[in-house]
Amino acid sequence: MYFDLGEQEEKCIIDEFPEDMLVTGRSSYFLLEPWDVKALSHSPHLGVTVTVKDPNFEVVMSKRYSKFGKFTFTSHDSGQHYLCFQTNSTRFSVFAGERLKLHLDIQMGEHSIDRNTDKTKDNMEILENSLSHLRDQMVYITKQQEYQREKEETFRQISEDTNGKVLWWAVVQTSVLLAVGFWQMKKLKDFFIAKKLV
């Protein structure tokens, strides 16, 4: 994927990761370039500062890179993580108006397959890398399923609590209405008996 990023501008991507998951932004897909490739860039030495925050907004990783690079971090808590990217432009904000394009590819799991090196290896090593990649993907899927189950259980508990409170509120309202109705009927009965006697 790619998105536009202005000089001195920070943009964040929110993504959910399970606990203890290794996340990698691969070097061949992490690239900063001018939005209009044909236009002359005023900042040829621009780079990117990558900051990763966990669901509690604590900084997991923060590092400066050149126009392309690779970042890796491990999620310690499951939930939404914030991947923030900011150009490290030093120009005054009045002159810092260049629009840039940031290419990004995020891989999850312990090992990713590097297809360029696989071409030079024999068939046994290719098979070993493929199996390792499949195993890591299975671990990722299992952790993702566990995380979704935890979220579903939390949502179910909140729904049951809410339904219980709504039920009790309906019982209280009905009791109050019945009590008021009986009280009014008694007063009306007393009123009509008093009128009949007069």
Side-chain angles (χ1 to χ4, degrees), residues 1-6 9-35 37 45-88 99-160:
M1 74 169 147
Y2 67 88
F3 53 91
D4 78 319
L5 186 67
E9 179 183 9
E10 182 180 50
K11 284 197 177 175
C12 295
I13 298 171
I14 301 173
D15 206 346
E16 291 195 19
F17 301 116
E19 188 176 359
D20 291 329
M21 179 56 57
L22 183 70
V23 182
T24 305
R26 294 177 61 188
S27 59
S28 58
Y29 294 95
F30 174 78
L31 172 66
L32 183 70
E33 65 181 5
W35 185 260
V37 181
H45 302 295
L46 268 183
V48 179
T49 300
V50 179
T51 306
V52 179
K53 298 177 185 174
D54 67 6
N56 301 320
F57 295 102
E58 293 180 11
V59 176
V60 176
M61 184 209 77
S62 182
K63 193 172 177 184
R64 284 185 157 188
Y65 296 91
S66 62
K67 288 187 176 184
F68 58 91
K70 173 181 176 180
F71 64 92
T72 303
F73 69 94
T74 301
S75 59
H76 299 295
D77 295 321
S78 56
Q80 291 184 338
H81 285 67
Y82 302 86
L83 285 71
C84 299
F85 303 89
Q86 183 177 19
T87 59
N88 56 4
R99 303 305 298 170
L100 304 161
K101 186 188 294 185
L102 180 71
H103 297 265
L104 180 65
D105 182 22
I106 298 174
Q107 300 290 325
M108 288 179 242
E110 303 236 340
H111 301 284
S112 56
I113 298 174
D114 187 353
R115 303 198 185 282
N116 293 330
T117 57
D118 285 341
K119 290 177 183 175
T120 61
K121 295 179 181 178
D122 61 17
N123 291 336
M124 201 63 171
E125 289 176 343
I126 293 173
L127 182 60
E128 186 178 313
N129 284 337
S130 298
L131 288 174
S132 176
H133 180 72
L134 286 173
R135 181 185 56 82
D136 292 336
Q137 290 301 314
M138 286 172 51
V139 168
Y140 167 70
I141 290 169
T142 304
K143 288 185 178 183
Q144 192 72 24
Q145 287 175 337
E146 288 172 4
Y147 174 64
Q148 293 299 331
R149 274 196 288 271
E150 289 173 10
K151 282 179 65 175
E152 182 182 343
E153 182 63 33
T154 304
F155 180 74
R156 186 180 301 121
Q157 187 63 41
I158 291 171
S159 296
E160 288 175 3

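Shortest non-hydrogen contact noted between Y147 and P18 is CB-CB, 4.4 Å. Closest of all the heavy-atom pairs between V59 and T51 is CG1-CG2, 4.1 Å. Nearest approach of S78 to P55, heavy atoms of both residues: O-CG, 3.7 Å. In terms of heavy-atom proximity, Y65 sits nearest to K70 at CE2-O, 3.2 Å.
In terms of the salt bridge (charged side-chain N to carboxylate O under 4.0 Å, His left out) criterion, R149 has no residue partners (sequence neighbours excluded).
Side-chain contact check for T49 versus R64: some heavy-atom pair is nearer than 4.5 Å. Residues C84 and K11 have side chains not in contact (no heavy-atom distance under 4.5 Å, counting atoms from C-beta outward). Between I141 and Q145, some side-chain heavy-atom pair lies under the 4.5 Å cut-off. The shortest distance between side-chain heavy atoms of Q157 and E160 falls below 4.5 Å. At least one side-chain heavy atom of F17 sits under 4.5 Å from a side-chain heavy atom of L83. No side-chain heavy atom of K63 sits under 4.5 Å from any side-chain heavy atom of F71.
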Full working for salt bridge (charged side-chain N to carboxylate O under 4.0 Å, His left out) between R156 and E153: CA-CA 5 Å; R156 186 180 301 121; E153 182 63 33; 2.9 Å; yes
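Going from atom OG of S132 over to atom CD of Q137 covers 10.0 Å, rounded to the nearest 0.5 Å. Note that CD of E16 and CD of Q148 are 6.5 Å apart. Values are rounded to the nearest 0.5 Å. The NZ atom of K53 lies 6.0 Å from the SG atom of C12; values are rounded to the nearest 0.5 Å.
Aromatic ring pairs are classed by plane angle as parallel below 30°, tilted from 30° to 60° and perpendicular above 60°; the pair Y82 and F57 is parallel.
Of the possible polar contacts, one joining the T154 side chain to the E150 backbone as a donor-acceptor pair under 3.5 Å is found. N56 places no side-chain N or O within donor-acceptor distance of the main-chain N or O of E58, the cut-off being under 3.5 Å.
Crowding of E128 atom CD: a count of heavy atoms from other residues, nucleotides or ligands under 6.0 Å not exceeding 12.
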